Amino acid sequence: MKKLLITTALAALSCIGSARASALPGTCGHVQVASSQPRGDSALAGHGYDLVLAGGADQTFHATDISASGTGLGPQALRDMEDVASLVMLATLTGHHSQGCAQDYFVSAATPIMDGLRAGRSYDLTWQGGLLTNGPTKLSFRRAHLHLAGARSDSAPATLTLETQGIGITGTHNTLLANALPQQVTADASVPSDSLVPLAAAIAGHPPENVRVPLHVSSLNAQRGTMQITGNGDANLTGNTDASSATGHIQVQNLDAVIETLRNAGQTRASAALILAKLFGHKAAAGGTSWDVSWEGGVMTVNHIPLPIR
């Protein structure tokens with residue numbers, strides 16, 4: 001009994017207090033957390049989360065607070081979930097891919113989550129006070145929440161919901177992005193459970209050969225002031241952008257307000273681009289402007305018109 005109590009105490013102490021060693025391979029990235037503490041049997045709360053991708057300090061992710069929860073996961077599995085999700089988010093938004101983020105890491109870190117999803121369990125991850133840097137560009141958000149839900153069936157897909165609030169960007173030379181970036185975004189998607197690991201590897205690391213992950217986006221909602229963007233679609237994702245494909249539908253409400261904002265800010269090129277986009281669009285039945293968009297063989301097509309975006 002005494003030995004059991006000592007072991008339990010040491011395990012608890014390992015999750016509390018000062019910075020911990022990263023579970024990520026050093027060739028992929030490094031993580032430090034100022035403090036991390038279990039909340040009951042299946043939750044973990046951390047403060048001062050910092051992730052730096054390997055190869056320099058140009059791509060980083062800081063969260064003032066981070067929390068993870070999920071039935072059947074211990075502290076180590078919850079920490080791994082925090083790291084994998086943060087790595088994928090940073091890689092997605094910076095476009096950074098690392099040969100050092102091997103698929104073996106994603107397999108070992110995600111196995112407990114995969115088993116839980118196949119058993120119909122769900123998992124939640126929340127970041128507060130997020131700041132992602134990519135060189136001089138800084139993308140911040142007040143809060144982001146990721147929810148993963150499984151089903152008691154090998155054939156049923158896992159569903160993902162990501163909600164992000166209070167988004168802002170500085171240090172970018174892309175005036176259209178800076179002036180039209182949505183401040184709130186919610187997305188609902190589904191992916192085969194056994195494709196989550198290849199998807200993470202394709203986004204953040206070195207993807208396996210011939211990987212092709214089907215992704216269905218049932219709804220996308222993004223808002224900036226009075227502008228609202230909604231959409232849905234399907235994609236087949238690979239480790240090569242030109243080999244990936246996607247089709248979808250996008251609709252924008254109050255596009256004129258954004259054009260006027262850009263024009264008043266002296267962003268004539270950006271406003272002209274949106275005016276051109278409006279001319280390509282269709283007038284939606286519920287108001288606003290809509291586009292049918294596809295990506296195939298490295299070519300973007302909008303309303304069946306190929307665009308020279310290269």
Side-chain angles (χ1 to χ4, degrees), residues 11 13-38 43-70 73-117 123-135 138-139 141 144-146 148 160 162 195-208 211 213 237 239:
L13 287 172
S14 69
C15 299
I16 305 173
S18 59
R20 63 178 173 84
S22 171
L24 292 173
T27 54
C28 181
H30 180 70
V31 170
Q32 284 189 317
V33 183
S35 63
S36 184
Q37 185 172 1
L44 188 69
H47 178 74
Y49 180 91
D50 286 284
L51 166 63
V52 180
L53 293 187
D58 285 343
Q59 291 86 24
T60 66
F61 180 20
H62 170 81
T64 303
D65 294 294
I66 187 170
S67 62
S69 62
L73 294 184
Q76 183 59 54
L78 291 169
R79 285 195 295 270
D80 289 343
M81 183 169 72
E82 291 177 344
D83 292 346
V84 170
S86 298
L87 177 66
V88 170
M89 177 180 284
L90 179 57
T92 299
L93 295 176
T94 63
H96 180 90
H97 303 270
S98 172
Q99 295 284 338
C101 295
Q103 189 182 18
D104 289 348
Y105 162 70
F106 295 105
V107 171
S108 62
T111 293
I113 300 171
M114 301 292 296
D115 292 342
L117 291 173
Y123 304 98
D124 288 273
L125 184 61
T126 302
W127 300 267
Q128 302 273 4
L131 179 64
L132 299 102
T133 64
N134 184 24
K138 299 182 183 298
L139 178 71
F141 59 83
H145 173 228
L146 174 66
L148 292 172
L160 305 87
L162 178 63
S195 294
L196 284 173
V197 169
L199 176 62
I203 293 173
H206 181 56
V211 62
V213 178
L237 305 178

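No experiment lies behind these values; they were computed from the predicted model shown.
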For this session: Look up atom CG in Leu139 and atom CG in Leu131, then write down how far apart they are to the nearest 0.5 Å.
Result: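 Reported value, rounded in 0.5 Å steps: 8.0 Å.
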Exercise. Which distance, rounded to the nearest 0.5 Å, do you find between the CG of Asp58 and the CG of Asn134?
Worked result: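 If we round to the nearest 0.5 Å, Asp58:CG and Asn134:CG are 7.5 Å apart.
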Exercise. Do His62 side-chain atoms and Leu132 backbone N/O form a donor-acceptor pair below 3.5 Å?
Worked result: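 Side chain of His62 to backbone of Leu132, a donor-acceptor pair under 3.5 Å: no, none is there.
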Are the side chains of [Y] and [X] in contact, using a 4.5 Å heavy-atom criterion?
X      : Y      : answer
Phe106 : Pro198 : no
Leu87  : Leu53  : yes
Leu196 : Leu117 : yes
Ile66  : Ser86  : yes
Ile113 : Val84  : no

Looking at every non-hydrogen atom in both residues, tell me the closest pair between [X] and [Y] and how far apart they are.
X      : Y      : result
Lys138 : Thr133 : NZ-CG2, 3.5 Å
Thr92  : Val88  : OG1-O, 2.7 Å
Gly116 : Tyr123 : CA-OH, 2.9 Å
Ala54  : Gly26  : CB-O, 3.8 Å
Ala68  : Met81  : CB-CE, 3.6 Å

For this session: Give me the ring orientation class for Phe141 and Trp127: parallel if the planes are under 30° apart, tilted from 30 to 60°, perpendicular past 60°.
Result: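 Perpendicular.
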Exercise. With sequence neighbours left out, what residues match Asp124 under side-chain hydrogen bond (donor to acceptor under 3.5 Å, both in side chains)?
Worked result: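 Once residues adjacent in sequence are excluded, the partners of Asp124 under the side-chain hydrogen bond (donor to acceptor under 3.5 Å, both in side chains) criterion are His145, His147.
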For this session: For the residue pair Tyr49 and Asp83, confirm or rule out a side-chain donor-acceptor distance under 3.5 Å.
Result: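 Looking only at side-chain atoms, Asp83 and Tyr49 do form a donor-acceptor pair, the distance falling under 3.5 Å.
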For this session: Only one of Leu78, Thr126, Leu125, Leu44 passes side chain to side chain contact (heavy atoms under 4.5 Å, CB included) with Ser67; say which it is.
Result: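 Exactly one pass, corresponding to Thr126.
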For this session: Apply side chain to side chain contact (heavy atoms under 4.5 Å, CB included) to the pair Thr64 and His47, showing each step before the final yes or no.
Result: CA-CA 6 Å; Thr64 303; His47 178 74; 3.9 Å; yes
